[in-house]
Structure formats: C-alpha cells, structure tokens
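First the structure, in the form of structure tokens, and then the observations on it.
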Amino acid sequence: MKAIIFFIVISSVFTNWGQQVCPVIPTPQVYKVIDGELFVAEGISIDRSTLPDASFDFLKMELVNLFSINLDTNENYPKIIFNELRNVPTDYYSINVNKNIRIGYSSQASQFYAINSLLQLVQGGEDNWYIKRLSISDSPKFQWRGLHLDVSRHFFSVDEIKKFIDDMALYKFNTFHWHLTDDQGWRIEIKKYPKLTEIGAYRDSTIIGHYSRSPREYKVEKYGGFYSQEEVKEIVAYAKSKYIKVVPEIEMPGHSRAALSAYPELSCNGLQQEVPGVWGIFDDIYCSKDETIQFMKDVLDEVLELFPSDYIHIGGDEAPKIRWKSCSDCQNLIKQKGLKDEHELQSYFIRRMDEYLSQKGRKLIGWDEILEGGLSPNATVMSWRGDKGGKEAASQGHYVVMSPNTHCYFDYYQSSHSDEPLAIGGFLPLEKVYEFSPIPEGMNDDDANYILGGQANIWTEYMESMDHVEYMIYPRALALIQSLWCFEKPSYEVFLEVYLSKHQDYLKKHNVKFANSIHFPHLKIERTKDGLNISFHGAYDNSKFQISQSNSNEKFVFEKQVVGSGDLIFLARGGFEERKVLNLRVKSLESGVEVNYTFLLSNLLGLNIDLVTPPHVKYNNNGSLNLVDGILGSKPWKGSDWLGFNVPNIEFVIDLEKKRKINGLRLGYLEDNGSWIYLPENVQVEKSKDGIKWKKASVYKIEELNSEFDLRRVPYKTRSRFIRVTTISMDIIPEGLDGGGHIPWTFINEVELY
Ligand SMILES: [Zn+2]
C-alpha cells in the first residue's frame, strides 16, 4: 500500500513541476536548465587554490556523506573551476554546469553559498548521481538573514550551538543573534564579575508545564551552565568559517534578574533574590545609577573583545518602570537630567550605551521598546511587536531588522493539532511564515532602504533540548529564508513542492529533527442539514489517510476504514437525550504522522448560529461554525482552535428550526489568565418565537467547572425556537492581575443544549 502511494506522489511532483523549477532553497534569482546531465557519481575534481580550507573540507565531507562522491584531483572527473568576479552585486555567485562546473563568486561568502547551492543540485541515487546542465546566477536581497537563539531559559552545549550554526549555513543564513543573558540565567563568562556565572548561571528550580497554569509546579533541580570566554571564541570562529556573524545580546535594563541575583547592589532596592525558575516579566531591573552604567560598560568591554560583530544587541525590551518610580537614585537622575518620565530615563540609559559602543566603533541594536522615550541617535531597531516599531524607526532614518511576532516568532505553534509539543502560544504555520516580507506593505522606497533584513526568534522557555529547537525552526526557517534572500520568490505551492520532494530528505540527511506539522491532517468541515461533513487533507494534492475509530465501544455510523483526501465522512447531529463522542485516529500515509480527533456529537452540531459579535481577526477560525463543529478547543490553547474576542459582550443567536423544550446550555470557555484570557462573569439568555422580539432575560453567574468536556452549564428551562446568548465579561482586568488595566480576552468554542 505504502509503495503504491509513494509512486503516485513522486509522479505528481514531476508532472506539476516542469523543467524550470529549481530544487535549491533559497530559490536562486536566475535558473536555466540546458538539455542533458553531468554525471558525477565517480567523483569530482577541484581547483582549490582560491577555496578556503574550511569550505573545501565542508564540500568534501558533504559529497561523501550525502552521495558517497569523492572530491580529489583525478583529472578524469568533472572539475569544479572557480573564477573571482568583479563589478557584480554583493555576495553574488554563478554556477554553470556543462562538461565541468564553473563557479563565479565575488566574495568568500558567496563562494560558500555557491557550494551549498551546488550540493542541492545533485540528483539521482546510488551510483547514478548527476547534475543537470544549467546556469544559475544569484545574490541575496537582504544583508541581515538571521536566526536568534535564547540560551538563558534553556542552555545548549558548544556542540549543539555548532550544529545550530551548521544548519543555518546550509540555507544561507548569515547572522546568529545569540541571546546570552536573561532573567533565568547569565550564560557568558565575564572575568571582572565572576559571580555572574558562579551565581547567575544557575537556578534551583524550573517551572513544569505552561507558565499560565495554576497552581504552578516546579521541578526542583539545579539547572544551568555558561560559555567560557574560550568557548565563545571557538563558536565565533566556527561561525565565521561558515560566513555567519554572531551578534551577542546582553539584556538591559530589564530581563536582568540573573545578574541581579549575583550583584543585587545593581538593582534599585538592593534586595537579594534568587535566579527565577519561572518565565515572564519581572519588576526588578537594573537601576539607572552610574554604578550600573559602569558595570554595563565593563561587561561590554569584555564582550567586544570576544565578538568582532559590528552590531551589539542590548535588549531594551519589557522593562517595567515600577522600581524606578520609587527609587531615589532613579528619580534624582530624572530631575538632574531634566527628563520627563521613566521612559525618557530608559532612553537616557540606552543613549549612554549607544555613545559607549559608538566610541568603540560598534553599533547598538535593541528591541523596538528603545523607541519609547526617544530613540538614541545611532541605534538600530529590531521590530518584534509587529512591524510598527520598524516603520517608525525607518521613517526617522534609523536602520531596522524585522522580526515581527506575526511572522517570525518560531516559539509559536505551527499547527493546532493536539500532538504539537507544548509551546508558549500563538499560531504560525509554515504558510504564514512564507507570507513574510521584511519591507512592510506600503512602505516608501526611502524608508525601505533602512530595512537591513529580518530574522526569526527562538525563545526557549518550552524547548528543553536541541531536538525540540530544531523542531520549532525547521521547516519554517526555509520559508523565512525565501523572504530574506529572494528578490522574487516563487509561489507557496512551488516552494512546498520543492520542500516535500527535496528538502525533507535533505534535512533528514543532515540529522535535523524538523517538524512534520504540515503532514498533520488538515480538517475541512461543512454544515449539512443534519450535521457535518468532514474531510481530511494533507500537504500533497493526493495525500492519503487511514482513518479508524480508536474507541471501538462507541457505536457510530462510520464504516470506511481507508478514505482518500476529499472523501467525506458524515457526522450526524446528536439527540437531546444522550450525546455521543466519536474518537478518530487519522494516519497520514506519506509521513506516518498519526493524530487523534475527538468529536462531541452534540444536539447543535452543524446548526446555524448567528454570531452577532464578530471575533477578533486574529482568532476567528471558521466563524460561527466553530461553536458547533464538535471539536473542543485544546488546553493549553494553540492559537487557531478558539474564537477570541476582545470586547466585553459577545452575542450570538441559536435557531433551533422549531420550538423545543430545553433545560439549559453548555458553553466552552477558556481560562488562561497569563495570556489575559479570563472567564466571563455572567451569561444572559433570552428567548424568542421569531428571532425579532425577545423576552425573559435571565442572567447566570458562570459556574465552577464541573461538567465533563470542560463545558460550563447554564440552567435555562424553557420552550423556544430562538435562543439569544450574551456572554458578559469584565470591562477591564483589575490591576494586580495579569494584563491589569487592559480589556480581557474571552475565548469560546463550543455550545450545546441539554
Ligand atoms: Zn534605581
């Protein structure tokens, strides 16, 4: 069975593709195939006089590991001939494959890029490796093509960091943003301040599960580690050999609890506190006094010795001002310098760092919060809260790196399936990453000149291992690099074909533990008269799934064992007396990925519901159908399976099609206060004969959770055809709670009657 399906898939790839689709990612600017192939299975010879040793070693090792092809000086083999080019764009390269392989390059980096493209052009198998006769010319659109890695929340060894760099280099990323310090651990040796790593590099416990879970549980175990200066040098040199520059990040003034646990005198109140084992934003930050500024300068002195990068990242994000407000040192400074408020004080703090780095011939970069209170003259902005900060900075004539959380936060979920490993939240599937453009829509050319490029950020609160980090990065990094490298990228469909037919295997051969999320069956749901039609779809046009009932005790009208994509399964609406649950196990035959689905066959399944209040655009999955699709939202939530509202009242109307006797409703709400999602306070229910005139408003308090499937009961005994439900939430979250002062989010997903 599997073999047959495999054949179908492969054949479809070639019929859809034609000759001109290039297997290389990122897609080169110009790719032209000439008739014929150059066979290279026996070996390739090389003129290595201009090739750096590290690049030669890499090419030789890759050819052997991937294809068992020898690289030597045998004159009978096809030859790689290098030719340095002038007057071409930055990092330009060309490849011409005919009787030999001619590579033109303008820099050692682009020579390395050419080698990576060449490796992706080798096709065939066994003893039949060949490269199509072709010509490529190529250069990158953006100079900043980055991946960020947080090593504070979880720590990774020197070898793991090197592997991270290896994988980046395969796809022409050139900037490694190394997030070295944060609340939960200080990770770089600073000789002048040994306690930073003696004390600040270790925490006594680490939170288990999602940080919004209540009550919180901890794994009580010493956790941590740091990189010695020798190790840092080793990593920087290693990255350099792969043409990747390492940009260190030393966070200030916020996210500094690890440093303050070592040197509490640098805080406003001098309080001795431990390195925290929980994630979040902490009130205790560096004090703005001169002693701290001097400390930061001393730290930067050692950092500058280790990192030749022109850019130095100073963080600058998420720094609450509560301690500064009650600190005499900070307040005196505000008066002395004639500053307006604590935001201007942060701006002053950053400006002093900017001046210091500028003196040393370096450039300061920070998160977009450094715009608040005024941007320092030479600062470059990393735009993370959407692209707003980036737009503002560019319009002020500052350079910008785009890493908006809408497209570049690889700690977000990549599918909504229950099988995804725990993540912080959010929803960023491969397709959405592919939509990313570092230059926001509508930006004028003058401002666009200030966009250096973009990067993805990998915050590791929920990633304990490098395998998990790789899972979150790949394949999304391949979608990202298309936006950073290509002047004109092909459609998502073409990209997906190239990925599926070539790069899954390529990643596997490089031992990258990429996510299989695109192979999770994608569910399509349609209303019918008596329930729902559901069908499963996959990454391939003709994806096949094997579907079985995982709970054989359930009696249910479903007999097919194997259905192809597009085949419909009918789910009948349940009765009022008893409700049924259907458990399906769905296996993708191409990838082997298996997923469980639970459908609650309620008495409202597929019924028309008029959702009077529209959900927020970010959390509107299937509109009103979401309320009656039989699928209960996951907990912790995964971004796409709930309807989310950011208004106090949510109204919807149920049309039962005829007058019915009911005892009440069951409603599914999400509570995740850490994400500012609160339970509503009350539910108001009304009835109507015609859906126009309403009577008998009854208001119920939201009850404690006690019913099965996490639904909350609202007792409402009546006979009616139309039922109007209004969910009433708090106007504003009280101060002191998560999100205090903001409008709470209300997430809802299923409704049934009883
Ligand atoms: Zn202070």
Side-chain angles (χ1 to χ4, degrees), residues 527 530-532 571-581 598-615 621-633 635 641-645 647-671 677-730 746-754:
R527 285 186 164 103
D530 311 309
L532 297 174
L571 301 184
R573 189 172 303 148
F576 269 70
E577 293 69 35
E578 68 166 327
R579 58 176 168 178
K580 291 177 184 158
V581 172
T598 299
F599 291 94
L600 177 63
L601 305 178
S602 80
N603 44 32
L604 294 185
L605 196 75
L607 206 74
N608 276 318
I609 288 204
D610 181 13
L611 194 54
V612 181
T613 312
N621 176 37
N622 275 347
S624 69
L625 181 56
N626 191 310
L627 299 175
V628 288
D629 62 3
I631 303 169
L632 299 176
K635 295 181 182 180
D641 48 357
W642 290 84
L643 293 180
F645 299 84
V647 291
N649 292 354
I650 304 158
E651 184 186 318
F652 59 86
V653 176
I654 304 166
D655 177 1
L656 290 169
E657 293 173 350
K658 62 177 185 187
K659 198 171 184 181
R660 304 205 67 133
K661 181 170 168 276
I662 65 165
N663 290 316
L665 300 96
R666 292 195 193 94
L667 297 160
Y669 293 110
L670 181 66
E671 184 172 22
I677 301 167
Y678 284 84
L679 284 181
E681 297 192 305
N682 298 301
V683 175
Q684 175 183 290
V685 193
E686 297 152 283
K687 66 174 184 175
S688 167
K689 264 191 250 178
D690 51 11
I692 300 164
K693 277 192 192 152
W694 297 94
K695 54 183 178 182
K696 271 210 177 163
S698 308
V699 177
Y700 302 90
K701 274 231 154 319
I702 285 292
E703 63 163 12
E704 287 297 302
L705 200 59
N706 56 10
S707 64
E708 50 181 334
F709 305 118
D710 288 2
L711 298 178
R712 296 184 192 243
R713 230 157 27 93
V714 175
Y716 183 71
K717 250 188 177 63
T718 193
R719 286 174 71 88
S720 181
R721 172 173 168 178
F722 292 94
I723 310 277
R724 180 157 75 180
V725 183
T726 309
T727 286
I728 303 162
S729 301
M730 305 184 272
T746 306
F747 275 43
I748 178 167
N749 99 325
E750 204 68 13
V751 190
E752 62 169 340
L753 302 177
Y754 68 91

Are [X] and [Y] side-chain neighbours, meaning at least one heavy-atom pair lies under 4.5 Å?
{"X": "T726", "Y": "E686", "value": "yes"}
{"X": "P715", "Y": "Y754", "value": "yes"}
{"X": "T727", "Y": "Y669", "value": "yes"}
{"X": "Y700", "Y": "L665", "value": "no"}
{"X": "V751", "Y": "F652", "value": "yes"}
{"X": "L532", "Y": "L625", "value": "yes"}
{"X": "L627", "Y": "L643", "value": "yes"}
{"X": "L632", "Y": "T598", "value": "no"}

Subject >> Side chain S624, main chain L611, donor-acceptor under 3.5 Å >> reply: no
Original post:
Does V653 offer a backbone N or O that forms a donor-acceptor pair with the side chain of D610 under 3.5 Å?
Top reply: no
To the nearest 0.5 Å, tell me how far [X] [atom1] sits from [Y] [atom2].
{"X": "S602", "Y": "L571", "atom1": "OG", "atom2": "CG", "answer": "11.0 Å"}
{"X": "I631", "Y": "E750", "atom1": "CD1", "atom2": "CD", "answer": "8.0 Å"}
{"X": "R527", "Y": "L605", "atom1": "CZ", "atom2": "CG", "answer": "10.0 Å"}
{"X": "D655", "Y": "D690", "atom1": "CG", "atom2": "CG", "answer": "11.0 Å"}
{"X": "R724", "Y": "Q684", "atom1": "CZ", "atom2": "CD", "answer": "7.5 Å"}
{"X": "I662", "Y": "I723", "atom1": "CD1", "atom2": "CD1", "answer": "4.0 Å"}

How close do [X] and [Y] get, heavy atom to heavy atom, and via which atoms?
{"X": "S688", "Y": "S720", "answer": "O-OG, 3.2 Å"}
{"X": "R573", "Y": "G531", "answer": "NH2-N, 3.7 Å"}
{"X": "R666", "Y": "L753", "answer": "NH1-O, 4.3 Å"}
{"X": "Y716", "Y": "S698", "answer": "CE1-OG, 3.6 Å"}
{"X": "V683", "Y": "V725", "answer": "CG1-CG1, 3.7 Å"}

**OP:** Take L604 and L656 through the side-chain contact (heavy atoms from CB on, under 4.5 Å) test and state the conclusion after the steps.
**Re:** CA-CA 8 Å; L604 294 185; L656 290 169; 3.7 Å; yes
Subject >> Check against side-chain contact (heavy atoms from CB on, under 4.5 Å), I654 and L607 >> reply: CA-CA 8 Å; I654 304 166; L607 206 74; 4.1 Å; yes
**OP:** Give the C-alpha distance, both sets of side-chain angles, the deciding distance and a yes or no for side-chain contact (heavy atoms from CB on, under 4.5 Å) between E671 and L679.
**Re:** CA-CA 6 Å; E671 184 172 22; L679 284 181; 3.6 Å; yes
Original post:
Which of parallel (below 30°), tilted (30 to 60°) and perpendicular (above 60°) describes W694 and F722?
Top reply: perpendicular
**OP:** Using salt bridge (Lys or Arg N to Asp or Glu O under 4.0 Å) as the criterion, list what pairs up with D530, not counting sequence neighbours.
**Re:** none
